[in-house]
Participant: 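For reference, the structure I am asking about is given below.
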Amino acid sequence: MLSTFAVAKGIIQQDGLGFSGLNKGITATMGRNGVFNMVYFGFYHSVKNVVPEYKESHLEFLRKVTIGFLAGTLACFVNIPFDVAKSRIQGPQPVPGQIKYRGTLSSMGIVYREEGFRALYKGLVPKIMRLGPGGAILLLVFEYSYDYLLHNYS
């Protein structure tokens, strides 16, 4: 099995560093990550300030878990079309030697026209199964670490 370095070296030798080489799909990747983080952190910090805090630590823990899980899940719904476009751009093209998927929005349009709306959401369930709980865990670690540092080092 080839190492990551070996694969990257092969891509650079064959296609270069540009948008058709190592950086192929970078705008879709940036869109995917940017939209996810915007929704994830925006939702969490907005809802966290609206939902009342609990004095009991176990209820407060559940409040934070729930808000983090919902934030991760909602962000998945919004960003998965970018993920589908990224996979199409970076993956093998349907016809060898002919590039069908180039830009992010044009790739989303092609998928929608040729395969329908649901095709833009391929892989949603496994993604939610990973990033819903992952979103809850990340924000819990952040919240409790922040509180610890605030109370012990300020």
Side-chain angles (χ1 to χ4, degrees), residues 3-5 7-8 11-12 17-93 99-154:
S3 69
T4 303
F5 180 76
V7 171
I11 292 170
I12 293 169
L17 289 168
F19 291 125
S20 61
L22 194 62
N23 291 310
K24 182 190 275 188
I26 195 166
T27 55
T29 303
M30 290 168 54
R32 178 194 68 176
N33 294 349
V35 167
F36 183 89
N37 287 319
M38 182 174 50
V39 173
Y40 177 66
F41 289 109
F43 179 86
Y44 181 77
H45 288 290
S46 297
V47 171
K48 181 182 90 161
N49 295 329
V50 174
V51 177
E53 292 184 27
Y54 290 99
K55 300 241 186 279
E56 299 88 4
S57 62
H58 68 282
L59 292 176
E60 181 58 17
F61 176 83
L62 288 175
R63 172 185 163 269
K64 289 177 180 176
V65 166
T66 302
I67 296 170
F69 182 85
L70 290 173
T73 301
L74 181 62
C76 287
F77 274 99
V78 177
N79 92 323
I80 197 159
F82 288 91
D83 209 5
V84 169
K86 179 196 78 66
S87 297
R88 299 292 176 98
I89 293 167
Q90 292 177 334
Q93 300 294 312
I99 297 175
K100 180 177 184 178
Y101 302 105
R102 290 185 187 273
T104 305
L105 296 178
S106 64
S107 295
M108 285 186 217
I110 292 168
V111 170
Y112 175 75
R113 281 189 304 280
E114 293 182 0
E115 301 174 48
F117 180 76
R118 292 180 67 193
L120 291 170
Y121 287 86
K122 283 184 178 176
L124 180 63
V125 172
K127 186 172 186 164
I128 288 172
M129 290 173 66
R130 181 173 52 92
L131 293 174
I137 292 166
L138 173 74
L139 291 172
L140 277 174
V141 170
F142 168 77
E143 287 288 336
Y144 287 109
S145 299
Y146 181 78
D147 286 345
Y148 175 81
L149 294 172
L150 193 63
H151 291 97
N152 291 298
Y153 295 100
S154 61

Participant: About how many Å separate CD1 of Ile11 and CG of Leu22, when rounded to the nearest 0.5 Å?
Facilitator: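 Leu22 atom CG to Ile11 atom CD1 measures 6.0 Å (nearest 0.5 Å).
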
Participant: List for me each residue that meets side-chain hydrogen bond (donor to acceptor under 3.5 Å, both in side chains) alongside Glu114, sequence neighbours excluded, and say none if there are none.
Facilitator: Lys100

Participant: I need the minimum non-hydrogen distance between Ser107 and Ile89, along with the two atoms involved.
Facilitator: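 Heavy-atom minimum between the residues: OG-CG1, 3.5 Å.
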
Participant: Where do Lys64 and Asp147 come nearest, in terms of heavy atoms and distance?
Facilitator: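 Nearest pair, atom of Lys64 first, then Asp147: NZ-OD2, 3.9 Å.
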
Participant: When you look at CZ of Phe19, are more than 12 heavy atoms from neighbouring residues, nucleotides or ligands closer to it than 6.0 Å?
Facilitator: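 For Phe19, atom CZ is not crowded (no more than 12 foreign heavy atoms under 6.0 Å).
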
Participant: Rounded to the nearest 0.5 Å, what separation is found between the CD1 atom of Ile128 and the CZ atom of Arg130?
Facilitator: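 Rounded to the nearest 0.5 Å, the CD1-CZ separation comes out at 11.0 Å.
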
Participant: Any heavy-atom pair between the side chains of Leu120 and Met108 that's under 4.5 Å?
Facilitator: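 Touching, per the 4.5 Å side-chain cut-off.
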
Participant: Taking only residues two or more places apart in sequence or in another chain, which ones pass side-chain hydrogen bond (donor to acceptor under 3.5 Å, both in side chains) with Asp83?
Facilitator: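 For Asp83 the side-chain hydrogen bond (donor to acceptor under 3.5 Å, both in side chains) partners, ignoring immediate neighbours, are Arg32, Lys127.
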
Participant: Would you say that Tyr101 contacts Val111 through its side chain, given a criterion of any heavy-atom pair below 4.5 Å between the two side chains?
Facilitator: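 Answer yes - side chains close enough.
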
Participant: Applying side chain to side chain contact (heavy atoms under 4.5 Å, CB included) to Phe41 and Leu139, what does each step give before you reach the verdict?
Facilitator: CA-CA 9 Å; Phe41 289 109; Leu139 291 172; 3.9 Å; yes

Participant: Looking at CG of Leu131 and CD1 of Ile80, how far apart are the two atoms once the value is rounded to the nearest 0.5 Å?
Facilitator: 9.5 Å

Participant: Could you tell me the separation between the CE atom of Met129 and the CG atom of Leu124, rounded to the nearest 0.5 Å?
Facilitator: 11.5 Å

Participant: Can you tell me which residue pairs pass the ring pair (Phe, Tyr, Trp, His ring centres under 6.0 Å) test with a partner in residues 102-154, sequence neighbours excluded?
Facilitator: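 Every pair satisfying ring pair (Phe, Tyr, Trp, His ring centres under 6.0 Å) with a residue in residues 102-154: Phe117-Tyr121, Phe142-Tyr146.
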
Participant: Could you please spell out the steps behind the side chain to side chain contact (heavy atoms under 4.5 Å, CB included) verdict for Lys48 and Glu53?
Facilitator: CA-CA 8 Å; Lys48 181 182 90 161; Glu53 292 184 27; over 6 Å; no

Participant: Quick one: NZ on Lys55 to CD on Glu60, what's the gap to the nearest 0.5 Å?
Facilitator: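 Separation between the atoms: 10.0 Å.
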
Participant: Could you list the donor-acceptor pairs under 3.5 angstrom formed by side chains in residues 23-31, with sequence neighbours left out?
Facilitator:
| residue | atom | partner | partner atom | Å |
| --- | --- | --- | --- | --- |
| Asn23 | ND2 | Leu17 | O | 2.5 |
| Thr27 | OG1 | Thr104 | OG1 | 3.2 |
| Thr29 | OG1 | Gly25 | O | 2.9 |

Participant: Taking side-chain hydrogen bond (donor to acceptor under 3.5 Å, both in side chains) as the definition, give me every residue that meets it alongside Arg102, ordered by chain and number, with sequence neighbours left out.
Facilitator: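 Partners of Arg102 under the side-chain hydrogen bond (donor to acceptor under 3.5 Å, both in side chains) test: none.
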
Participant: Scan the side chains in residues 66-77 for donor-acceptor partners under 3.5 Å anywhere in the protein, sequence neighbours excluded, and list what turns up.
Facilitator:
| residue | atom | partner | partner atom | Å |
| --- | --- | --- | --- | --- |
| Thr66 | OG1 | Leu62 | O | 2.8 |
| Thr73 | OG1 | Phe69 | O | 2.9 |

Participant: Are Glu115 and Arg88 ion-paired here, with the side-chain N under 4.0 Å from a carboxylate O?
Facilitator: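 Yes.
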
